[in-house]
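This structure is a prediction, so every number in the text was calculated from the model and none was measured. Order of the sequence lines fixes the chain letters, A, B, ..., with proteins taken first and strands second; residue numbering starts at 1 for each chain. For the numbers below, each heavy atom of this structure counts, side chains included, while hydrogens, waters and symmetry mates do not.
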There are 4 protein chains.
Amino acid sequence: MKKETTKEKMLDAAIRLFHTQGYAGTSVRDIAQKANVNVALISYHFGGKKGLYEQLIIQFFEDYLHILESELQKESESLKDLLLQVIRALLEYQSKQYLVARMVHREMTLDSVLVRELMSTYLRKEKHEFEQLIKRGMTGGEFQRQPVDYVIIHLRTMITMPYLSPHYLRELYQLSSNEPYFIDRYMEHLTRWVHTWLCGEVKSQPYQSSLSAQLI
Amino acid sequence: MKKETTKEKMLDAAIRLFHTQGYAGTSVRDIAQKANVNVALISYHFGGKKGLYEQLIIQFFEDYLHILESELQKESESLKDLLLQVIRALLEYQSKQYLVARMVHREMTLDSVLVRELMSTYLRKEKHEFEQLIKRGMTGGEFQRQPVDYVIIHLRTMITMPYLSPHYLRELYQLSSNEPYFIDRYMEHLTRWVHTWLCGEVKSQPYQSSLSAQLI
Amino acid sequence: MKKETTKEKMLDAAIRLFHTQGYAGTSVRDIAQKANVNVALISYHFGGKKGLYEQLIIQFFEDYLHILESELQKESESLKDLLLQVIRALLEYQSKQYLVARMVHREMTLDSVLVRELMSTYLRKEKHEFEQLIKRGMTGGEFQRQPVDYVIIHLRTMITMPYLSPHYLRELYQLSSNEPYFIDRYMEHLTRWVHTWLCGEVKSQPYQSSLSAQLI
Amino acid sequence: MKKETTKEKMLDAAIRLFHTQGYAGTSVRDIAQKANVNVALISYHFGGKKGLYEQLIIQFFEDYLHILESELQKESESLKDLLLQVIRALLEYQSKQYLVARMVHREMTLDSVLVRELMSTYLRKEKHEFEQLIKRGMTGGEFQRQPVDYVIIHLRTMITMPYLSPHYLRELYQLSSNEPYFIDRYMEHLTRWVHTWLCGEVKSQPYQSSLSAQLI
DNA sequence: TATGAATGAGAGTTCATTCAT
DNA sequence: AATGAATGAACTCTCATTCAT
């Protein structure tokens, strides 16, 4: 087993606590205690609580965007398949580190200088990439013509929802947004959404799914 | 001009600050200063910061549920129209006091004792009401058969989205979730969603809208 | 006996500690402990350690300048007597609160924003008042003509010396700058200085003083 | 170009910072950063912050006293000239390393164990040397009889003044105590002081100086 | 109701020093 | 001789609440 460095221990502890209690609700002493390291090391290694926090968020967005862009460069039979592939990749990435994902998405609901900066760098790019894809599909006739903005908003809402409302899903539907099982099920739903909504395909027969039959 | 009572001044100030900085990020001194009242009065009137906070949240949910339930008792031509009427009412209610709405929805993304209590009282009821409506529609053939849970999750996600991601909408799409204009536009989108997704109506012709034509 | 208010207790304790250990060498806990009050009250009443410090210094200079100006407006037989009267008044004022005086004069040897501000407000005025007096004496023939600046520097140096070098005086000469006895003795010296140096009076006979005879 | 050793770099940085912010107001990290060396080296080379500090002060006094004593052993026409020669030598020494001089003289205004030790070793010797000189002059009739102690205090005050109040001189009189020009001008003043005060010479004519005429 | 003072706990950060390398 | 990490104590200040008036 690989030994965790002090920095890693601190990052891990911080993620857990920020996720549960939020940034302002978490003290550096909490973090240090959970990580079993000296309190002063947070300032030493990250330049303070805020620095640690921002490092986590920025790292998340860097990786998130990298996945989005590299997925979009892959080849695919159709734009529809490409889109579904991208969606799945983003869900899986978030699922893999769902604590950070939840922390980040909640942070983005606040109105702060940091949030505005993150918006104008990462989310602007994300929006641009989605736009390109959707517009190409519309031009090529694969996607139905409709307001692009609302499509993207709708799409993004559904991609982030499991990490913005994990407790709602868990408490009321016994769904764990961080388990692979959930992604498979959720992808079914999203696939249907892409087919009917975006491509305008007529469903010739009633809904059928071995997996989710019991939920009807 | 009506004079604001001390309690009202405090509530107003608290809403603004909780909305901007979150609960833990707001101090009672901030609130008292913004409300221009003595700090000790927060403990006196609300039994402390937490009491003030909970009062705001509970009041929101009480009203929210009341609207949901009273709308559901109204008569309507079809369940589809009833559903759309409910959606609009909930959007309008949240829009009317969007600061509280944003505060509440963000709070629900945390994991605390309070959240779990709110879930099991208010959101459980909300889920139940939606379930009744959807299931009735499916039984009667008005709605397509599909997993009810995912429909509700999808529905609720779209109803709360404008108040969970207001800054995203504003920064990247110049959309203000608290303006009546937005609700009209957003309802168009949701109406289409209900028609195609829930009712399975085939769109015989390309998307047409005088309002949003320029967005295509 | 009059009861000391909390603010007064804090000011007293702060003076003693700042005097002994300097500003940076004194902690707010030291002050609070010595004053027997809660630490938080320093921030509450003075807006922090720095605020308390500055209040002490500014108060000193305000009073110092007030004494200087009011003494200068008194009537006197000669400018020489007026000057000596002013010197004595300033020495007595400093002696009365010698702890603050020492603290302030030491602070003025540092180079900080605060010091520059104090210089350009209080010490500039002090310089101006001295200048007026000296120049009047020179014009009237009472004082010998010589570089005014150096006279003032010399004068001020001697007025502040007992409070800048109290430990030197105490350790090596057993002189206590805060005792009335010292002022009388020191005034003898300064009187001679004013007579011979400023007025150019010839000393017709060897030095005679009942008080200081033993020191020859 | 000569390369500065690590120890020298640290000493230089320390002098600058102690001079500006005082001992307690300067952190070892400040020093290490300014010197561009590792923090731990301060403890390694000097046994800690205090060690570094004391080394600077003791070095200053050692040199100071050495100059005083060696100047006093030189031959001179008169004691008056010898005294003036000593004064100039001490001013020049302090001027050469005015940062340390200022730091040391300010430190001596505090009340600490270190200060008392320095007093009883170096300043006691300084006092003794001055005493010898003055008393010899009085016995020989060259100096006027008067209280020796006050003469020495007065003398020492004027020798240290430029390094105790450099900012006062700079801000209000545009005088730089560390420039050779200043010493020349200041020596004029001190020479006059020695002549009139100590030797009791009658000034037969008004003050005349090509250098300072404009200051009258 | 309303106020300003007071409280004790805890916040984040910096401190001088020590340690293993 | 030099380094970067680590330590535990101390720093100033703010926290939510309580108290007497």
Side-chain angles (χ1 to χ4, degrees), chain A residues 5-7 9-10 23-33 35-53, chain B residues 5-7 9-10 23-33 35-53, chain C residues 5-7 9-10 23-33 35-53, chain D residues 5-7 9-10 23-33 35-53:
Chain A
T5 71
T6 299
K7 280 185 87 166
K9 281 196 288 181
M10 285 190 283
Y23 172 75
T26 303
S27 79
V28 289
R29 281 190 167 76
D30 289 344
I31 299 171
Q33 191 181 342
N36 212 29
V37 300
N38 191 291
V39 206
L41 290 178
I42 288 172
S43 285
Y44 179 76
H45 281 294
F46 303 101
K49 181 185 170 188
K50 199 177 178 180
L52 166 51
Y53 189 54
Chain B
T5 70
T6 299
K7 280 187 84 166
K9 281 196 287 182
M10 286 190 283
Y23 172 75
T26 303
S27 76
V28 288
R29 278 194 163 68
D30 290 342
I31 299 171
Q33 191 182 341
N36 213 30
V37 300
N38 190 285
V39 209
L41 289 179
I42 289 172
S43 287
Y44 179 78
H45 280 295
F46 304 100
K49 181 185 171 188
K50 199 176 179 183
L52 166 51
Y53 188 54
Chain C
T5 71
T6 300
K7 279 186 88 165
K9 282 196 288 180
M10 285 190 282
Y23 172 75
T26 303
S27 79
V28 288
R29 275 193 169 71
D30 290 344
I31 299 171
Q33 191 181 341
N36 211 29
V37 301
N38 191 289
V39 207
L41 289 178
I42 288 172
S43 284
Y44 179 76
H45 281 295
F46 303 100
K49 181 185 171 187
K50 199 177 179 180
L52 166 51
Y53 189 54
Chain D
T5 71
T6 298
K7 280 185 85 165
K9 281 196 289 182
M10 285 190 283
Y23 172 75
T26 302
S27 76
V28 289
R29 278 195 162 68
D30 290 343
I31 299 171
Q33 191 182 340
N36 214 26
V37 301
N38 189 287
V39 209
L41 289 179
I42 289 173
S43 287
Y44 181 77
H45 280 296
F46 303 99
K49 181 185 172 187
K50 198 176 180 181
L52 166 52
Y53 189 54

Problem set entry | C:Tyr44 six-ring face occupied by C:Lys7 cation (under 6.0 Å, within 45°) | no
For this session: Would you kindly check if the NZ (Lys) or CZ (Arg) of C:Lys49 is within the cone defined by 45 degrees around the ring axis of C:Tyr23 and under 6.0 Å from the six-membered ring centre?
Result: yes
Nearest-Å distance, [atom1] ([X]) to [atom2] ([N])?
X	N	atom1	atom2	answer
B:Phe46	F:dA16	CZ	P	15 Å
C:Asn36	E:dG8	CG	P	11 Å
A:Lys50	E:dG12	NZ	P	14 Å
D:Gln33	E:dC15	CD	P	11 Å
A:Leu41	F:dG8	CG	P	10 Å
B:Leu52	F:dT17	CG	C1'	14 Å
B:Tyr23	F:dC15	OH	P	13 Å

Exercise. Which sits closer to the 5' end of DNA chain E, B:Val39 or A:Gly47, going by the nucleotide each is nearest to?
Worked result: B:Val39
So, does [X] get its side chain near the phosphate of [N], meaning an N or O under 4.0 Å from OP1 or OP2?
X	N	answer
B:Thr6	E:dT1	no
B:Ser27	F:dT14	no
A:Tyr44	F:dA5	yes
C:His45	E:dG4	no
B:Asn38	E:dT1	no

Heavy atoms only: give me the nearest [X]-[Y] pair and the separation to one decimal.
X	Y	value
D:Asn36	D:Lys9	O-NZ, 4.3 Å
D:Ala24	C:Gly25	CB-N, 3.6 Å
A:Ile42	A:Ala32	CD1-N, 4.2 Å

Just name whichever nucleotide pairs with [N], Watson-Crick or G-U, keeping both distances under 3.5 Å, else none.
N	answer
F:dC15	E:dG8
E:dT14	F:dA9
F:dA1	none

Exercise. Hey, does C:Thr26 reach any base, or is it just sugar-phosphate, or nothing, if we go heavy atoms under 4.0 Å?
Worked result: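 Answer is sugar-phosphate: C:Thr26 comes under 4.0 Å of backbone atoms only.
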For this session: Would you mind classifying the nucleic acid contact of B:Ser43 as base, sugar-phosphate or nothing, using non-hydrogen atoms under 4.0 angstrom?
Result: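 Base, at least one base heavy atom under 4.0 Å.
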Exercise. Of C:Ile42 and A:Met10, whose closest DNA chain F nucleotide lies nearer the 5' terminus?
Worked result: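 Looking at the nearest nucleotide for each, A:Met10 comes out on the 5' side.
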Exercise. Got a donor-acceptor pair under 3.5 Å from the side chain of A:Arg29 to the base of E:dG10?
Worked result: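 In this structure, the two groups form no donor-acceptor pair.
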Exercise. Side chains of A:Leu52 and A:Ile31: does their closest heavy-atom pair fall under 4.5 Å?
Worked result: yes
Exercise. Closest to the C:Ala40 side chain: E:dC15, F:dC15, E:dT3?
Worked result: F:dC15
For this session: Select one nucleotide: of F:dT7, E:dA16, E:dG8, the one nearest the side-chain heavy atoms of D:Lys49.
Result: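 So the nucleotide nearest the side chain must be E:dA16.
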